[in-house]
Protein chains: 2
Amino acid sequence: MADLDRVIHEPARLLLVALLRKIERADFVFLMNESGLTRGNLSSHLSKLEEAGYVEIEKTYRGKVPLTLIGLTKAGRAAFDNYRKQMNGLLTRAG
Amino acid sequence: MADLDRVIHEPARLLLVALLRKIERADFVFLMNESGLTRGNLSSHLSKLEEAGYVEIEKTYRGKVPLTLIGLTKAGRAAFDNYRKQMNGLLTRAG
DNA sequence: CATACTAGTTTGTGAGGCAAACTAGTATGC
DNA sequence: GCATACTAGTTTGCCTCACAAACTAGTATG
């Protein structure tokens, strides 16, 4: 069977994880712009990813304005790589 | 944004469509065995695919026993190919 | 005619994605 | 110095939907 990681599989999160896979670390607003998600949905998807242990979220300040930094964990990278492998298998097996 | 086709994106259906992409036509029980889905879930996923116009379902008989044949439509093939293209983009863009 | 099997469909429920409402803190207008 | 607006998030409510379990229908067997 195809037991894909549902945390990664959700398109919004897949996009986020793919972004983070490249750039290591990003702030909330950047991810919002890149993904096209609303603040609300970005927040809840990041929470899911955090619960799964796939991202680390650091809350700090840029001057007096709050700044939230997000980065993929080792587990997150591994999960994404594994997902990619499985998905490629599924897609290419279907010549 | 990543607006993947949700009908195809669901893992169970992705597997079904990938299978059908190769073998053109299959019966209900074969798909059940290949996918590992229960009769109930296979039935409902096939209904979704049919509603989307992605598969054609033909009910006939093998002797006196009902036989359900399932095949991808042109639209189904196109949808899968498009999905695959988008997904590959997402996955490889994240070197 | 009752029990079992094959081949499916329908139903109930819990999880979850999305949009909208809410919160908190900072800057600006008057 | 209080109101209005803006930035940066979080929480809530609703509606969809995947999965499991229950149900249906028809055939073979004892």
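In the text below, chain A, chain B and the rest are named by the order of the sequence lines, each starting its count at 1. Only this structure's heavy atoms are used, side chains among them; waters, hydrogens and symmetry mates stay out.
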Please tell me which of the listed nucleotides, dA8(D), dA18(D), dC18(C), lies nearest to the side chain of Ala12(A)? dC18(C)

Quick one: which of dT6(C), dA8(D), dA18(D) gets closest to the side chain of Pro66(A)? dA8(D)

With respect to the phosphate group of dG9(D), does any side-chain polar atom (N or O) of Thr68(A) fall under 4.0 Å of OP1 or OP2? yes

Rounded to the Å, how far apart are Arg39(A) CZ and dA8(D) P? 7 Å

By the rule that ILVMFWY residues connect when side-chain heavy atoms come within less than 4.5 angstrom, directly or transitively, which residues belong alongside Leu69(B)? Leu67(B)

Winner on side-chain proximity to Val29(B), out of dC19(D), dC18(C), dG8(C), is dG8(C)

Round to the nearest Å and state the distance from His9(B) atom NE2 to dA18(D) atom P. 11 Å

Pairs satisfying salt bridge (charged side-chain N to carboxylate O under 4.0 Å, His left out), at least one member in residues 35-54 of chain A, at least two apart: none

List in chain and number order the residues that pass salt bridge (Lys or Arg N to Asp or Glu O under 4.0 Å) with Asp81(A), two or more places apart in sequence or in another chain; answer none if no residue qualifies. Arg21(A), Arg84(A)

Side chain of Lys64(A) (C-beta onward), nearest among dC19(D), dA7(C), dA27(C): dA27(C)

Quick one: which residue pairs count as a side-chain hydrogen bond (donor to acceptor under 3.5 Å, both in side chains) with a foot in residues 60-72 of chain A, not counting sequence neighbours? none

Taking side-chain hydrogen bond (donor to acceptor under 3.5 Å, both in side chains) as the cut-off, I'd like each qualifying pair that reaches into residues 4-16 of chain A, sequence neighbours left out, listed once. Asp5(A)-Tyr54(A), Arg6(A)-Glu10(B), His9(A)-Tyr83(A), His9(A)-His9(B), Glu10(A)-Arg6(B), Arg13(A)-His45(A)

Non-hydrogen side-chain atoms of Asp3(A) and Gln86(A) separated by less than 4.5 Å: yes

With DNA chain C as reference, determine whether Arg13(A) or Gly40(B) sits nearer its 5' end, using the nearest nucleotide of each. Gly40(B)

Atom-to-atom span, CG of Leu37(A) to C1' of dT10(D) - whole angstrom: 15 Å

Just the rounded figure in Å: distance from P of dG17(C) to CG of Leu4(B). 14 Å

With the side chain counted from C-beta on, respond yes when Ile57(A) and Leu46(A) share a heavy-atom pair under 4.5 Å apart, and no when they do not. yes

Of the candidates dA18(D), dT10(D), dG9(D), the side chain of Ser43(A) sits closest to dT10(D)

Hits for side chain to side chain contact (heavy atoms under 4.5 Å, CB included) against Ile23(B), two or more places apart or cross-chain, chain-then-number order -> Ala26(B), Phe30(B)

Writing each nucleotide of DNA chain D 5' to 3' as (, ), [, ], | or . by Watson-Crick or G-U pairing under 3.5 Å yields ||||||||||||||||||||||||||||||

Arg6(A) CZ to dC17(D) P, straight-line distance once rounded to whole Å: 13 Å

Using a 4.0 Å heavy-atom cut-off, does Leu42(B) contact any base of the nucleic acid, only the sugar-phosphate backbone, or nothing at all? nothing

With Thr73(B) via side chain to side chain contact (heavy atoms under 4.5 Å, CB included) - residues at least two apart: Glu56(B), Ala75(B)

Go through dA20(D), dA18(D), dC18(C) for me and flag the one nearest to the Glu10(B) side chain. dA18(D)

Using a 4.0 Å cut-off on heavy atoms, which residues in residues 47-63 of chain B reach DNA chain D? List them by number, or say none. Lys48(B)

How many Å lie between CZ on Phe28(A) and C1' on dT10(D), as a whole number? 9 Å

Whole angstrom is fine here: how far is it from NE2 in His45(A) over to P in dG9(D)? 17 Å

Looking only at the side chains, is there a donor atom on one of Asn41(B) and Thr38(B) sitting less than 3.5 Å from an acceptor on the other? yes

Separation of Asp27(B) atom CG from dA7(C) atom C1', in whole Å? 11 Å

